[in-house]
Amino acid sequence: MIKYSENTQSFFQDVYEVVRLIPKGRVTTYGAIAEYLGSRGSSRMVGWAMNVSHGQHPPVPAQRVVNRNGLLTGRHHFETPDAMQHQLEKEGVTVKNNQVQYFDSVFWNPSGELF
DNA sequence: TTCCTGACTCCAG
DNA sequence: CCTGGAGCCAGGA
């Protein structure tokens, strides 16, 4: 029986590092992170990583990770349903109706290819 | 062990 | 434009 937990932990740690690299006032997507880590199609794992990221140190700014449409799909996993949006707005990101406004402008690609 | 679910995304109809 | 299915893979029952 192979211990996948070690790989998993590394993967999760990598996810956390990338998320912590997201500049304040910018956001990225689950898919972009997964692709950056060489696991294209494993965007759900990035979501799962966020799910268990609570209590991490340093803190993981999970509010900066949204789905490919700029929709705040993970907001229900915060302390309150509005916490995610509130934190983003506090950082200068405009959110309306759970949707990041000017998403193309605030999107940050982990690979640094786009800017 | 098998089966189901999910903070996702892509593709076909 | 909207809906459903498939791929993805770690956990929990």
Side-chain angles (χ1 to χ4, degrees):
Chain A
M1 190 55 172
I2 302 175
K3 293 174 66 176
Y4 291 99
S5 52
E6 295 181 73
N7 291 328
T8 300
Q9 194 162 28
S10 299
F11 179 76
F12 281 17
Q13 288 305 317
D14 287 342
V15 172
Y16 298 154
E17 278 189 44
V18 175
V19 174
R20 285 193 278 250
L21 288 177
I22 304 173
K24 183 180 179 182
R26 307 290 292 278
V27 299
T28 193
T29 69
Y30 302 97
I33 295 173
E35 188 171 349
Y36 173 73
L37 295 178
S39 299
R40 187 183 185 287
S42 300
S43 44
R44 305 182 99 149
M45 293 303 96
V46 177
W48 187 259
M50 293 301 96
N51 191 39
V52 294
S53 69
H54 299 287
Q56 286 295 313
H57 188 74
V60 179
Q63 74 275 12
R64 294 177 187 157
V65 185
V66 299
N67 81 345
R68 74 179 180 94
N69 297 312
L71 212 54
L72 276 52
T73 50
R75 65 195 176 95
H76 289 307
H77 294 263
F78 283 75
E79 296 183 17
T80 67
D82 295 326
M84 189 175 187
Q85 173 172 337
H86 189 252
Q87 288 180 57
L88 284 173
E89 293 181 322
K90 197 167 57 177
E91 296 178 351
V93 178
T94 306
V95 180
K96 195 173 185 65
N97 207 7
N98 302 319
Q99 164 77 47
V100 174
Q101 302 297 290
Y102 314 108
F103 180 58
D104 291 341
S105 301
V106 297
F107 174 73
W108 176 80
N109 191 319
S111 303
E113 301 176 277
L114 301 178
F115 196 82

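Small disclaimer: the values here were computed from a predicted structure and weren't measured. Note on naming: letters A, B, ... go to the chains in the order of the sequence lines (proteins, then strands), and numbering restarts at 1 for each one.
Using a distance-only test at 3.5 Å, with no hydrogens or angles considered, a donor-acceptor pair links the side chain of A:Y16 to the main chain of A:A49. A:Q99 places a side-chain N or O within 3.5 Å of a backbone atom of A:N69 that can act as its donor or acceptor partner.
Atom name P, nucleotides B:dT5 and C:dG4: the rounded distance is 16 Å, in whole Å. For the P atom pair drawn from C:dG5 and B:dC4, the interatomic distance equals 15 Å after rounding to whole Å.
Contact record, A:R68 with A:F103: O-CE2, 3.5 Å, taken as the closest heavy-atom pair.
With rounding to the nearest 0.5 angstrom, the CD1 atom of A:I33 is 10.5 Å from the OG atom of A:S43. To the nearest 0.5 Å, atom CG of residue A:L37 and atom CZ of residue A:F12 are 11.5 Å apart. Rounding to the nearest 0.5 angstrom, the gap separating the CH2 atom in A:W108 from the CG atom in A:L21 is 5.0 Å. Going from atom OG1 of A:T29 over to atom CG of A:L71 covers 12.5 Å, rounded to the nearest 0.5 Å. Atom CD of A:E89 is separated from atom CD of A:Q63 by 12.0 Å, given to the nearest 0.5 angstrom.
At the heavy-atom level, A:A34 lies nowhere under 4.0 Å from the strands shown.
Straight-line distance from the CG atom of A:N98 to the C1' atom of B:dA7: 13 Å, rounded to whole Å. With rounding to whole Å, A:F11 atom CZ is found 16 Å from B:dA7 atom P. Distance, A:Q99 CD to B:dA7 C1': 16 Å, rounded to whole Å.
Counting only heavy atoms from C-beta on, A:T29 has its side chain closest to B:dT9 among B:dT9, C:dA10, C:dC8.
A:S42 contributes no side-chain N or O that forms a donor-acceptor pair with the base of C:dC8 under 3.5 Å.
A 3.5 Å limit on both hydrogen-bonding distances identifies B:dC3 as the Watson-Crick or G-U partner of C:dG12. Remark: C:dC1 base-pairs with no nucleotide in the shown strands. Criterion, Watson-Crick or G-U wobble with two distances under 3.5 Å.
Using a 4.0 Å cutoff on non-hydrogen atoms, the parts of residues 75-95 of chain A near DNA chain B are A:H77, A:F78, ordered by number. Listed in residue order, the members of residues 44-56 of chain A having a heavy atom less than 4.0 Å from DNA chain C are A:R44, A:M45, A:W48.
Contact check for A:T73 versus A:V66: no side-chain heavy atoms found under the 4.5 Å cut-off. Looking at A:V15 and A:M50, their side chains come closer than 4.5 Å, going by heavy atoms from C-beta outward.
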Item to check | Chi angles and distances behind the side-chain contact (heavy atoms from CB on, under 4.5 Å) call for A:I22, A:V27 | outcome: CA-CA 7 Å; A:I22 304 173; A:V27 299; 5.6 Å; no
Quick one: which protein N/O atoms are closer than 3.5 Å to N/O atoms of nucleotides 10-13 of chain B? Pair and distance per line, please.
unit_1 : atom_1 : unit_2 : atom_2 : d
B:dC10 : OP2    : A:R68  : NE     : 3.2

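One finds a side-chain N or O of A:T73 lying less than 4.0 angstrom from the OP1 or OP2 phosphate oxygen of B:dC8.
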